[in-house]
Amino acid sequence: MTSEAPKVPVSIIIPAKDEEDNIAACLESLQPADEIFVVDSQSGDRTAEIAESLGTNVIQFKFNGSWPKKKNWSLDNLPFRNEWILIVDCDERITPPLWEEIKKAIQDPNMNGYYLNRRVIFLGSWIRHGGRYPDWNLRLFKHQKGRYENLNVEDVRNAGDNEVHEHVILDGNVGYLKEDMLHEDFRDIYAWLARHNRYSNWEARVYYNLIEGMDEGNTIGANLFGDAVQRKRWLKKIWVRLPFKPTIRFILHYILQLGFLDGRAGYIYARLLSQYEYNIGVKLFELRQFGGHINPTKAQSSGSQSSPSHVNTPIKS
């Protein structure tokens, strides 16, 4: 008779909404964890039902429309029984080799967190080029030591209730794990487009804040000589002011960063990212045209007509 392997002393947070196609595979990959919470936003499909049937703690999150969003709320309110937490999206999987690495990593008393590298699978192919790999995310950390930054975009309409591109501000030493986590969405391209339509609302507001010189307090900050995420944030300050960004983004991903080596999936991915950049630019124009509002109401539209300084602001996407 064999005894069951001891659980890894890590608590999992899975932010979820309408993820019935992904949730079971995600949860299956997380079985080594001692504790799992699915934080659901009143899904209209079988997400909660499937999670509960697999013996998972399902918590319903009701967004107040402002702050905090789902992940920070979870960090503040869930009754964790472990010091270490791991945040995993429904379309991500933790592999057995990565679990072995996590098990060892959390035993180091000098470390408070670790970056995980995502391997993006798109249309059945690994998007290894085009700047998509490595893709570092700070997901494993001591829950009392880290919180997601506030980029002052919580008032953006139709952007969702979850921190998507915000990063964790962590107190203490951070390391990098070698094994990859898998990112593979089992839903179709329609879902990808719908998700990135929401994301572009968020991105447009981030661009707007950067152009307007908004305060960077409570963020990871932009630093050319910082970690990978801070360097990317520094480069974005330059990026937001460039003309012809959709075209540049396609050339960057598909040609300069060798996205063409990923075959047809790489080409489609680069074209979609170019379109995504165009959507951000259009929404940024809308934000500046209507004084910082997106999807303006009739009243806001009428009010902007009396403010020519907003109407005539040139902007290149």
Side-chain angles (χ1 to χ4, degrees), residues 11-30 33 35-80 85-94 116 118 120-122 135 137 139 143 147-151 153-168 181-206 272 276 279-280 283 294-295:
S11 296
I12 307 288
I13 300 174
I14 307 176
K17 182 175 175 62
D18 296 335
E19 291 279 1
E20 65 180 8
D21 293 331
N22 287 313
I23 190 66
C26 177
L27 289 172
E28 183 179 355
S29 78
L30 300 176
E35 181 177 49
I36 304 174
F37 292 97
V38 170
V39 185
D40 184 48
S41 298
Q42 295 84 53
S43 289
D45 63 6
R46 298 178 58 245
T47 299
E49 178 185 343
I50 293 170
E52 288 173 345
S53 72
L54 295 174
T56 307
N57 299 305
V58 176
I59 308 296
Q60 289 298 330
F61 171 67
K62 294 184 179 179
F63 185 40
N64 64 10
S66 180
W67 190 263
K69 288 192 172 184
K70 191 184 297 184
K71 291 174 186 174
N72 269 353
W73 180 89
S74 300
L75 289 167
D76 287 338
N77 291 281
L78 294 183
F80 302 117
I85 63 103
L86 174 63
I87 297 178
V88 183
D89 291 339
C90 291
D91 54 7
E92 295 172 340
R93 324 278 180 259
I94 304 299
L116 276 63
R118 294 198 310 176
V120 175
I121 309 298
F122 179 74
D135 181 19
N137 292 264
R139 299 290 193 85
H143 70 85
R147 291 296 183 272
Y148 281 82
E149 62 184 343
N150 184 352
L151 294 175
V153 295
E154 62 269 19
D155 61 338
V156 177
R157 296 173 61 188
N158 305 322
D161 63 358
N162 188 32
E163 298 91 340
V164 176
H165 299 295
E166 289 92 344
H167 295 282
V168 175
M181 67 188 299
L182 301 182
H183 179 283
E184 184 173 15
D185 194 339
F186 293 154
R187 296 170 298 180
D188 55 19
I189 291 295
Y190 177 91
W192 192 99
L193 291 170
R195 183 167 69 252
H196 283 76
N197 186 31
R198 296 196 307 272
Y199 292 171
S200 62
N201 281 16
W202 184 95
E203 290 276 15
R205 184 53 183 264
V206 171
L272 288 174
Y276 176 56
N279 292 345
I280 295 170
K283 292 176 179 182
I294 200 164
N295 301 331

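FYI, the numbering just counts along the sequence from 1.
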Note: C26 and V88 closest approach over all heavy atoms is SG-CG1, 4.0 Å
Between Q60 and Q42, the two heavy atoms sitting closest are OE1-N, 2.9 Å
Q) Is there side-chain contact between N137 and L116, with heavy atoms separated by less than 4.5 Å? A) no
By side chain to side chain donor-acceptor pair (under 3.5 Å), E20 pairs with (sequence neighbours left out) none
Here the gap from Y199 atom OH to I280 atom CD1, rounded to the nearest 0.5 Å, amounts to 12.5 Å
Before accepting this row, confirm whether a basic side-chain N of the pair K17/D161 lies closer than 4.0 Å to the acidic partner's carboxylate O. no
- Are K70 and S41 side-chain neighbours, meaning at least one heavy-atom pair lies under 4.5 Å? yes
Main chain of E166, side chain of E149: is a donor-acceptor contact present, judged purely on distance under 3.5 Å? no
Between the CH2 atom in W192 and the OH atom in Y276, the distance rounded to the nearest 0.5 Å is 8.0 Å
Between the CG atom in D76 and the NZ atom in K71, the distance rounded to the nearest 0.5 Å is 14.5 Å
**Report entry** Under-4.0 Å salt bridge between D89 and R139
**Finding:** yes
So OG1 of T47 and CG of D40: to nearest 0.5 Å the spacing works out to 6.0 Å
Is any side-chain heavy atom of F80 closer than 4.5 Å to a side-chain heavy atom of I13?
yes
Residue pair N22 / R93, side-chain heavy-atom distance below 4.5 Å
yes
- Keeping the roles fixed (side chain from E184, backbone from E92), state whether a donor-acceptor pair exists under 3.5 Å. no
Looking only at heavy atoms, the pair that brings D45 and E19 closest together is OD2-N, 3.3 Å
- Determine, stepwise, if the pair I87 / Y148 fulfils side chain to side chain contact (heavy atoms under 4.5 Å, CB included). CA-CA 12 Å; I87 297 178; Y148 281 82; 3.3 Å; yes
Side chain to side chain donor-acceptor pair (under 3.5 Å) filter on S74, not counting sequence neighbours, yields none
Side-chain donor or acceptor of D91 paired with backbone N/O of H183 under 3.5 Å: no
Query raised in the report: Within a strict 4.5 Å, meaning less than it, do heavy atoms of the L27 and V38 side chains meet?
Result: yes
Q) With a 4.5 Å limit on heavy-atom distance, are the side chains of N197 and K283 in contact? A) yes
Hey, does the side chain of S29 reach the backbone of I94 with a donor-acceptor pair shorter than 3.5 angstrom?
-> yes
Fill in: Heavy-atom check, side chain of I14 versus side chain of I23, under 4.5 Å
yes
Here the gap from N77 atom CG to F37 atom CZ, rounded to the nearest 0.5 Å, amounts to 11.0 Å
By side chain to side chain donor-acceptor pair (under 3.5 Å), N72 pairs with (sequence neighbours left out) none
For this session: Please tell me if the side chains of C90 and F186 come closer than 4.5 Å, counting only heavy atoms from C-beta onward.
Result: no
dist E163:CD -> N150:CG (nearest 0.5 Å) comes out at 9.0 Å
